[in-house]
Amino acid sequence: MTFSIVARDPETNAVGVAVQSKFVSVGSVVPFVSAAAGAVATQSFATVAYGPDGLDLLREGHAPADAIERLTAADDEAPSRQVGVVAVDPDEPPAAFTGEECHDHAGDRQGDHYTVQGNILENAGTLDAMAAGFEEADGGLPGRLVGALHAGNDGGGDERGEQAAALYVVPALGLGDV
């Protein structure tokens, strides 16, 4: 019911999540961000436990792909879920999971410093549009994340329409674990 982007700014090490959905309270369910760990987006029959648990796994030194494997392995409902994870460690590639029972169009794409994921999308091109929008945008991380959402919406977006969005960005550690 949602599309999101989880990203790290390679120049500043800021991390964040931007999400758009027909689901009114999307900002209270999908984005989880920590300057000490990274960022997590949990969606599609979301379990909010993926957020804090995923950040804890990143803090313990697990790579995003390993964190996702641990989260989904312990979850009988994982086939209906999506999760995207980015670590603050620039040497760790972003990762995502899209369960085989997510509603179409569902999928994910990764780039060097981001992952985009979505479900119940108007078309599969929404994810490609989001990735291109993020890669082509200028400016800081918040603007690039919002640009990715606009590009995704222009590329098709949520097939049910748009009703809510959220943006959660924290600066690099040094200003506190936000």
Side-chain angles (χ1 to χ4, degrees), residues 2-21 25-44 46-72 81-98 107-118 126-153 164-178:
T2 302
F3 56 95
S4 67
I5 179 167
V6 182
R8 172 185 57 247
D9 184 326
E11 293 179 23
T12 67
N13 287 327
V15 291
V17 177
V19 57
Q20 184 174 320
S21 181
S25 299
V26 70
S28 67
V29 176
V30 173
F32 293 84
V33 183
S34 166
V40 176
T42 175
Q43 59 196 53
S44 183
T47 175
V48 294
Y50 276 16
D53 291 350
L55 292 175
D56 285 346
L57 288 165
L58 293 173
R59 281 186 198 98
E60 293 170 7
H62 296 276
D66 184 49
I68 289 171
E69 175 62 33
R70 289 170 180 264
L71 293 170
T72 58
R81 304 198 201 281
Q82 282 187 300
V83 61
V85 179
V86 171
V88 293
D89 182 347
D91 293 330
E92 294 294 348
F97 169 84
T98 298
D108 55 78
R109 311 277 187 278
Q110 288 75 50
D112 289 338
H113 303 284
Y114 70 90
T115 177
V116 296
Q117 43 282 322
T126 299
L127 298 171
D128 296 326
M130 290 179 69
F134 182 76
E135 291 175 2
E136 295 167 5
D138 291 326
L141 186 60
R144 294 179 69 204
L145 291 171
V146 170
L149 289 185
H150 283 297
N153 202 41
L167 175 67
Y168 189 178
V169 176
V170 297
L173 191 61
L175 299 177
D177 184 12
V178 183

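Side-chain atoms are counted along with the backbone in the values below, which use heavy atoms only and exclude waters and symmetry mates.
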Q. Rounded to the nearest 0.5 Å, what separation is found between the CG atom of Asp112 and the CZ atom of Arg8?
A. 9.0 Å
Q.
Can you tell me how far apart CD (Gln82) and CD1 (Ile68) are? Round to the nearest 0.5 Å.
A. 10.5 Å
Q: Any chance you could lay out the side-chain contact (heavy atoms from CB on, under 4.5 Å) test for Arg109 and Asp128, step after step, and finish with the verdict?
A: CA-CA 7 Å; Arg109 311 277 187 278; Asp128 296 326; 2.8 Å; yes
Q) What pair of heavy atoms forms the shortest contact from Val17 to Val40, and how long is it? A) CG2-O, 3.7 Å
Q | Met130 CE to Leu145 CG distance, which is reported to the nearest 0.5 Å | A | 9.0 Å
Q.
Can you confirm whether Ser44 sits close enough to Thr2 that some side-chain heavy atom of one is under 4.5 Å from a side-chain heavy atom of the other?
A. no
Q. Any side-chain heavy-atom pair from Asp66 and Leu57 closer than 4.5 angstrom?
A. no
Q: Keeping the roles fixed (side chain from Glu92, backbone from Val86), state whether a donor-acceptor pair exists under 3.5 Å.
A: no
Q: Begin with the C-alpha distance, continue with both residues' side-chain angles, and end with the deciding distance and a verdict on side-chain contact (heavy atoms from CB on, under 4.5 Å) for Val116 and Phe134.
A: CA-CA 10 Å; Val116 296; Phe134 182 76; 5.9 Å; no
Q) How far does OG1 of Thr98 sit from CZ of Arg81, to the nearest 0.5 angstrom? A) 13.5 Å
Q: State, yes or no, whether a side-chain contact exists between Tyr50 and Thr72 at a heavy-atom distance under 4.5 Å.
A: yes
Q: Return the minimal non-hydrogen interatomic distance between Val88 and Gly38, and the atom names on each side.
A: CG1-N, 3.6 Å
Q: Quick one: list whatever passes side chain to side chain donor-acceptor pair (under 3.5 Å) with Arg144, sequence neighbours left out.
A: none
Q) Quick one: are Tyr114 and Glu135 in side-chain contact, heavy atoms under 4.5 Å? A) yes
Q: Kindly give the heavy-atom pair with the smallest separation between Gln110 and Ala96, and that separation in Å.
A: NE2-CB, 3.2 Å
(Q) Nearest 0.5 angstrom please: Leu167 CG to Leu149 CG, how far? (A) 8.0 Å
Q. Do you know the tightest heavy-atom contact between Ser4 and Gln43?
A. OG-OE1, 2.7 Å
Q: Write down the atom of Ala14, the atom of Leu141, and the distance for their closest heavy-atom approach.
A: O-CD2, 3.5 Å
(Q) Return the CZ to CD distance between Arg70 and Glu60, rounded to the nearest 0.5 Å. (A) 8.0 Å
Q | Residue pair Val6 / Gln117, side-chain heavy-atom distance below 4.5 Å | A | yes
Q) Closest approach of Ala35 and Pro171, non-hydrogen atoms and distance? A) CB-O, 3.2 Å
